[in-house]
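What follows is a short report on a single structure.
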Amino acid sequence: MRVLHRNRFRRPAFVLVCATALGLAAGCVHGRWELVEVDPDAARGDVEFQTITLQDDGSYFAQTNDDGVQPASGTYTYSDGVLDLQEKDGDRHSYEAAVVGEQLHLKRLWEGQKLKMIYERRSH
């Protein structure tokens with residue numbers, strides 16, 4: 001007698017779980033991020049963005065530190081550990097980037113040393 005075993009996993013649910021897990025493993029950068037830590041602390045005034053919102057469509061908007069809090073917006077790419085922000089006015093900001101849990105770690109050079117900025121996710 002031949003016994004047929006039914007697959008316990010329903011295909012759509014299994015695909016959804018895998019896609020979600022892969023998205024998290026790749027470090028999904030979409031969402032609203034708020035600056036919580038700067039190292040070295042002396043560089044805090046030179047950090048470009050206090051908040052960054054990265055949209056699914058590749059656009060972003062942010063609050064900058066320039067002359068008080070000012071808005072900025074444009075497009076972004078995140079690939080191979082690099083976050084590139086291209087402002088509408090032509091300014092470009094490039095960072096080493098990694099999503100670690102619910103934090104976005106950005107690094108760049110500041111006065112000849114590594115500047116590390118940590119942002120926490122406030123919404124997806």
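We number each residue from 1, following the sequence as shown.
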Between R108 and D46, which heavy-atom pair has the shortest distance, and what is it? NH2-O, 3.0 Å
Does F49 reach the side chain of W33, with side-chain heavy atoms less than 4.5 Å apart? no
Would you please test K107 and M117 for side-chain contact (heavy atoms from CB on, under 4.5 Å) and show each step? CA-CA 6 Å; K107 296 178 184 176; M117 298 155 284; over 6 Å; no
Taking the side chain as every heavy atom from C-beta outward, state whether R121 and Q103 have any pair of such atoms under 4.5 Å apart. no
Provide the closest heavy-atom pair for V38 versus R44 in the form atom of the first, atom of the second, distance. N-NH2, 3.7 Å
Is K114 atom NZ crowded by more than 12 heavy atoms from other residues, nucleotides or ligands, each under 6.0 Å away? yes
Nearest heavy-atom neighbours spanning V99 and C28: CG2-O, 3.7 Å
Please examine the side chains of L83 and S94, heavy atoms only from C-beta on, and report whether any two atoms are closer than 4.5 Å. no
Does one side chain, of H93 or E87, offer a donor that lies under 3.5 Å from an acceptor on the other? yes
Answer yes or no: is there a side-chain heavy-atom contact under 4.5 Å between I52 and L106? yes
So how far is it from T53 OG1 to H30 NE2, rounded to the nearest 0.5 Å? 12.5 Å
So do the side chains of R92 and D84 get within less than 4.5 Å of each other, counting heavy atoms only? yes
Which distance, rounded to the nearest 0.5 Å, do you find between the CG of L85 and the OG1 of T75? 8.5 Å
Looking at Y76 and Q55, would you say the former's side chain and the latter's main chain have a donor-acceptor pair under 3.5 Å? yes
Would you please test V47 and L35 for side-chain contact (heavy atoms from CB on, under 4.5 Å) and show each step? CA-CA 9 Å; V47 172; L35 182 67; 3.9 Å; yes
Do E34 and R32 touch side chain to side chain, with heavy atoms closer than 4.5 Å? yes
Between Y95 and E48, is there a side-chain donor-acceptor contact under 3.5 Å, judged purely by atom types and distance? yes
Ignoring hydrogens, what is the shortest heavy-atom contact between L54 and V29? Give both atom names and the distance. CD1-O, 3.3 Å
Heavy-atom closest contact (Y78 atom, A98 atom, distance): OH-CA, 3.9 Å
Output the distance between atom CD (Q113) and atom CG (D39), rounded to the nearest 0.5 Å. 8.5 Å
